[in-house]
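Notes follow the structure.
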There are 2 protein chains.
Amino acid sequence: MKIEAVANQYHLSAPTLRYYERQGLLGPVQRVNGVRDYGAADLDRLDFIICVKQCGMTIRQIKQFIAMYQQGDATINERLTILQKQLQDSRIQQAQLAQSIDHLQEKIADVKALQTRVAERV
Amino acid sequence: MKIEAVANQYHLSAPTLRYYERQGLLGPVQRVNGVRDYGAADLDRLDFIICVKQCGMTIRQIKQFIAMYQQGDATINERLTILQKQLQDSRIQQAQLAQSIDHLQEKIADVKALQTRVAERV
DNA sequence: ATACACGTTGAAGTATACTTCAAGTCAAGG
DNA sequence: CCTTGACTTGAAGTATACTTCAACGTGTAT
């Protein structure tokens, strides 16, 4: 699979994929005549990257995690700890977002009430 | 209320509060001998800023919203539209986060299973 | 064979959101 | 009086995550 196809499928840009690779998150991806050809393993990895990124991990943290992954089974406990910590943080983030959404909804209700009064006055 | 007290209460730094004010999000806050003294209205506004920021609005967008708010009732429909759009976006964001958290949980389960097998082998 | 689409690289540029710094003011306590 | 600590300002610096650029290579269609 070539870079633009991957970019489209995963809703990111080709430069971003190259950037991820340069940062050591992805690949090195196999080249055919110098052109990247993403395999199943690359796509699985990309899937993981998008997942933990959405969960709040930075590029640097993902990079470190990938590096540990590449060290093999010796790092498995540490990796598990990192992921569990990240899960915990993500849940906090999730709770805060839920709270802010509730808050926003209330503010919208307030503005709506105000809007009605303004409309009546006109 | 002085800047450090506000910063502590809202879990952000004094420079951030000054930055927000410089960006036109907050204030202008009243000064007593040149020192900021945050009033109830300022704190309400800060509360709003933190809410919509958590919901995904950028500083620039909040700034524009505040500017519209300061234009008065004439902008009320537009403001309501912006907030409703933001609520919609936040819910999408919330759904994506929930999905990524599920995804992460699965990955953790996988690593755990692998960890068990590695431990047995040792 | 030549144009066009799509790929490559390294380097520099951009956007966002702060943070840090230097230099100074001011009120309270020893 | 003078030091200490918290505040002020404008300007410059930092971190993160990309994006854009320039110059060039390659495979397919006309």
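Each chain gets a letter, A, B and so on, in the order the sequences are listed, and its residues count up from 1. If you're wondering where the values come from, they're calculated on a predicted model, not measured in any experiment.
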Checklist entry - With respect to the phosphate group of C:dA17, does any side-chain polar atom (N or O) of B:Thr16 fall under 4.0 Å of OP1 or OP2? => result no
Checklist entry - Contact class for B:Glu4 vs. all strands (heavy atom < 4.0 Å): base, sugar-phosphate, or nothing? => result sugar-phosphate
Next on the checklist: Mind checking if A:Arg36 touches a base, just sugar-phosphate, or nothing, with heavy atoms under 4.0 Å?
Outcome noted: sugar-phosphate
Checklist outcome for this item: When rounded to whole Å, the CD to P distance for the pair A:Gln23 and C:dA11 reads 14 Å
Item to check | Under-4.0 Å side-chain N/O to phosphate OP1/OP2 contact, A:Tyr20 with D:dA17 | outcome: no
Item to check | Rounded distance (Å) that lies between atom C1' of D:dC18 and atom CD of A:Glu21 | outcome: 16 Å
Checklist entry - A:Asp42 side chain to A:Gly39 main-chain N or O, any donor-acceptor pair under 3.5 Å? => result yes
Checklist entry - Just how far, in rounded Å, is P of D:dG25 from CZ of A:Arg31? => result 17 Å
Item to check | Interatomic distance where CG belongs to A:Asn8 and C1' belongs to C:dC6 [whole Å] | outcome: 13 Å
Checklist entry - Quick one: are B:Ile59 and B:Tyr20 in side-chain contact, heavy atoms under 4.5 Å? => result yes
Next on the checklist: Quick one: does any side-chain atom of B:Asp37 pair with a main-chain N or O of B:Met1 as donor and acceptor, under 3.5 Å?
Outcome noted: yes
Next on the checklist: If I take atom CG in residue B:Asp37 and atom C1' in nucleotide C:dC26, what distance separates them, rounded to the nearest angstrom?
Outcome noted: 16 Å
Next on the checklist: What's A:Arg18 touching, base or sugar-phosphate or nothing? Going by heavy atoms closer than 4.0 Å.
Outcome noted: base
Checklist entry - Distance check: side-chain N/O of B:Asn33 vs OP1/OP2 of C:dT25, anything under 4.0 Å? => result no
Checklist entry - Can A:Gln93 and B:Gln54 be said to form a side chain to side chain contact (heavy atoms under 4.5 Å, CB included), step by step? => result CA-CA 9 Å; A:Gln93 162 69 17; B:Gln54 168 73 51; 3.7 Å; yes
Next on the checklist: From C-beta outward on A:Thr58, which listed nucleotide comes closest to its side chain: D:dC18, D:dA17, D:dC7?
Outcome noted: D:dA17
Next on the checklist: What is the distance, to the nearest angstrom, from the CD atom on A:Gln30 to the P atom on C:dT8?
Outcome noted: 13 Å
Item to check | Basic-acidic side-chain contact under 4.0 Å: B:Arg121, A:Asp73 | outcome: yes
Next on the checklist: If the cut-off is 4.0 Å, is A:Lys63 near the phosphate of D:dT16, judged by side-chain N/O to OP1 or OP2?
Outcome noted: no
Next on the checklist: Using heavy-atom distances to pick each residue's nearest nucleotide on DNA chain C, tell me which of B:Ile59 and B:Pro15 is more 5'.
Outcome noted: B:Ile59
Checklist outcome for this item: Per atom distances to the B:Ile3 side chain, the nearest of C:dA17, D:dA17, D:dC7 is D:dC7
Checklist entry - Which whole-number value in Å describes the distance from A:Met1 CE to C:dG7 C1'? => result 16 Å
Checklist entry - Between atom OH in A:Tyr19 and atom P in C:dT14, what is the gap in whole Å? => result 17 Å
Next on the checklist: Applying a 4.0 Å non-hydrogen cut-off, can you work out what B:Arg22 is touching in the nucleic acid: base, sugar-phosphate, or nothing?
Outcome noted: base
